[in-house]
Amino acid sequence: MIKKFIQKIWGQPQSRRGLVDFGKRVEIPASVHGINSNLVDERALNVVRTLQDAGYEAYVVGGAVRDLLLGLRPKDFDVATDATPEEVKSLFRRAFIIGRRFRIVHVVYGRGREHEVIEVSTFRAHLDNRAAEQVKGNEKTSKSELAGMTHAVDSSGRVLRDNVWGPQDEDATRRDFTVNAMYYDPESQYLVDYHGGMQDAKKKVLRMIGDPVARYREDPVRIIRAVRFAAKLSPLGFKLESKTAKPLATMLNLLADVPQSRLFDEMLKLLQTGHALASVAQLQSLGLHKGIYPLLDVVVERADTPFVKAALADTDRRVGEGKPVAPSFLLACVLWADVKVGWDQRVTQRVPPFPALQEAIDDVFDARIGDVSGRGKLAADMREIWMMQPRFEKRIGSTPFSLVEQPRFRAGFDFLRLRAEVGDVDLSLADWWQEFSMADDAAREDLIQQAKSEKDHLPASGTAKKRRAPRRRKPSTNNVSSASPSAEPGKLPSGE
Ligand code: ATP
Ligand code: MG
């Protein structure tokens, strides 16, 4: 009965499907695709089973299928189903409908840092621009009007609302790359492919489904996604198909209409999913080094400077090792050069160092960080990292004791260490703080004495040296933040 009702909603006259090529459903058995079903996340498996047991179709979909096929470990699992978001929600204890432009369900497992989200999306109908025309969103369409629409595009064809459910073949055609448009049923172990994704995966080709120009127009963020997947899969030998790559540089202007916060998020995905250096290389070789997003332009421009290069490489390494990374750390690295210029200028004008630094930071935020979601927290974290830097130079009195207890000490220290690695500060300063953060109180006093002696050009006292060894780890420093790149396991107590 419910199914019939849904079919009625879907009910698309043949004409609406028009001449679009929805591909042909091909079911590929495990003996051919070779995916190891044991690699499917348990929670994704549970979501698929629950939906199937309730009588719906359900598959693992998108990037997870692509990665499983390529022998990579998927970083997250998405599920696609013919159940509506409300129906999905009703089947799980902790499920939340999110998004307006694109309504999906988050099924949540576990709590706190260990929690896992499985994204469940309902099969989307083919975007019929004639149908969308009727509800065309334009500058005068208010947010509340738009919220009532299920399907809307703006005057350039950019999709504003996309909540019309449809059959699986239409859903497949709506996805971006052929290798991202396969469905895997972990129960039957069949791979469902409409657009030759499996063949393209074998040929190592990244091919946009349909006409790339129309697809970039529909959603210009696909331009950035093309760069991201080209970067991620380049070590495996993947290349963008020429028709997919060709329009990229000429269509960049379309990104001007995309909300800043979405561009910011996509920029972070380019930089923080383990392929930052490869992404910069792709941006350069595809002629996209300028014009995607102002802050990304700065990253590309500075990617060859020692400090930013080290920060990008370090981020890649951390992600590769499964460690957390924080956007505030990377962006603090990228914009450090601006902060330093503004700071120097003010100090030259006799502004005292701390207020000079504060003002320089304010300027950098105004000039470089746009109106992005979470800006407040991001800015606060970046500010703390920067403001800590001159405090690292003060190794006397109680300053080091209070600094080391700060919640963001770890991020500030990692920043200092990276600066030291590229010669921006003395390596011995970073080494001193490393020792200090790991030492017990007595050894810390000795280290402060040692720093004082150095400052006074006196040799460090022998007793101090003796008392420092053997050094004990101080458990109270465990509360330092580990959410920044460049930490070395074992060097500092970090809780990683
Ligand atoms: P990753 O491994 O980085 O998560 P992914 O391919 O899973 O890559 P997601 O952003 O998680 O990418 O999206 C999941 C799937 O949803 C994609 O594989 C693709 O099929 C589809 N998709 C996501 N964004 C778009 C888009 N802008 N246009 C078309 N399809 C999209
Ligand atoms: Mg994904």
Side-chain angles (χ1 to χ4, degrees), residues 23 39-41 43-44 47 59-81 98-99 101-106 116-127 153 157-162 166 168-184 191-195 197 200-201 206-236 238 244 248 251 254-255 257-259 262-263 265-276 278-279 319:
L39 295 179
V40 177
D41 180 274
R43 283 136 311 186
V47 170
Y59 300 84
V60 174
V61 69
V65 182
R66 173 200 68 221
D67 289 351
L68 287 169
L69 196 59
L70 298 174
L72 303 172
R73 176 175 291 279
K75 72 173 165 53
D76 49 44
F77 281 81
D78 299 321
V79 168
T81 178
I98 62 148
R101 178 181 173 275
F102 201 87
R103 293 176 74 221
I104 56 171
V105 183
H106 275 180
E116 175 87 27
V117 175
I118 304 294
E119 266 189 23
V120 185
S121 57
T122 304
F123 293 153
R124 250 78 184 170
H126 165 61
L127 257 180
V153 295
R158 188 168 65 91
V159 180
L160 302 175
R161 274 283 175 283
D162 184 8
Q168 190 185 32
D169 62 348
E170 297 196 9
D171 185 79
T173 308
R174 298 288 325 281
R175 291 177 183 273
D176 47 8
F177 298 92
T178 59
V179 292
N180 283 353
M182 291 177 279
Y183 304 77
Y184 177 60
L191 188 74
V192 180
D193 187 3
Y194 291 90
H195 296 282
D200 282 346
L206 274 167
R207 186 196 312 274
M208 182 64 73
I209 295 169
D211 171 26
V213 170
R215 303 304 309 284
Y216 294 135
R217 188 163 293 137
E218 227 171 59
D219 182 5
V221 162
R222 289 177 189 143
I223 296 171
I224 312 176
R225 291 175 63 84
V227 176
R228 177 152 70 88
F229 296 122
K232 170 176 169 146
L233 301 176
S234 61
L236 299 182
F238 272 75
T244 301
L248 288 170
M251 299 193 77
L254 291 176
L255 287 164
D257 291 334
V258 175
R262 196 164 170 231
L263 291 176
D265 290 348
E266 289 300 325
M267 173 189 74
L268 290 185
K269 283 190 206 159
L270 276 185
L271 300 177
Q272 300 216 281
T273 49
H275 318 282
S279 293
V319 176

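Both ligands and their constituent atoms are indexed starting at 1 by order of listing. FYI, side chains are in, hydrogens and waters are out, and symmetry mates aren't considered; it's all heavy atoms of this structure. These numbers come from a predicted model, not from an experiment.
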Worksheet item: Taking both backbone and side-chain atoms of G63, is any N or O found less than 3.5 Å from an N or O belonging to ligand 1?
Response: yes
Fill in: Heavy-atom pair of closest approach, residues Q272 and V319
O-CG2, 3.7 Å
Worksheet entry | Proximity of D219 to ligand 1 by residue part, where a heavy atom lies under 4.0 Å | side chain
Worksheet item: Got the closest protein heavy atom to atom 21 (C) of ligand 1, with its distance?
Response: R175 NH1, 3.5 Å
Worksheet item: Aromatic rings F123 and Y59: how do their planes relate, parallel, tilted or perpendicular, breaks at 30° and 60°?
Response: tilted
Worksheet item: What protein heavy atom is closest to atom 11 (O) of ligand 1, reported as residue, atom name and distance in Å?
Response: D78 OD2, 3.5 Å
Item to complete: List the steps and the verdict of salt bridge (charged side-chain N to carboxylate O under 4.0 Å, His left out) for K232 and D67.
Response: CA-CA 11 Å; K232 170 176 169 146; D67 289 351; 2.9 Å; yes
Item to complete: Report yes if R228 has an N/O atom closer than 3.5 Å to an N/O atom of ligand 1; otherwise report no.
Response: yes
Worksheet item: So what's near the Mg ion (ligand 2), protein N, O or S atoms under 2.8 Å?
Response: D76 OD1
Worksheet item: With a 4.0 Å cut-off on heavy atoms, is R66 touching ligand 1?
Response: yes
Item to complete: Work out whether the distance between some heavy atom of F177 and some atom of ligand 1 is less than 4.0 Å.
Response: no
Item to complete: State if K232 counts as touching ligand 1 under the rule of any non-hydrogen atom under 4.0 Å.
Response: yes
Response to the item:
Residue, atom and distance of the protein heavy atom nearest atom 10 (O) of ligand 1 read R225 NH1, 2.9 Å
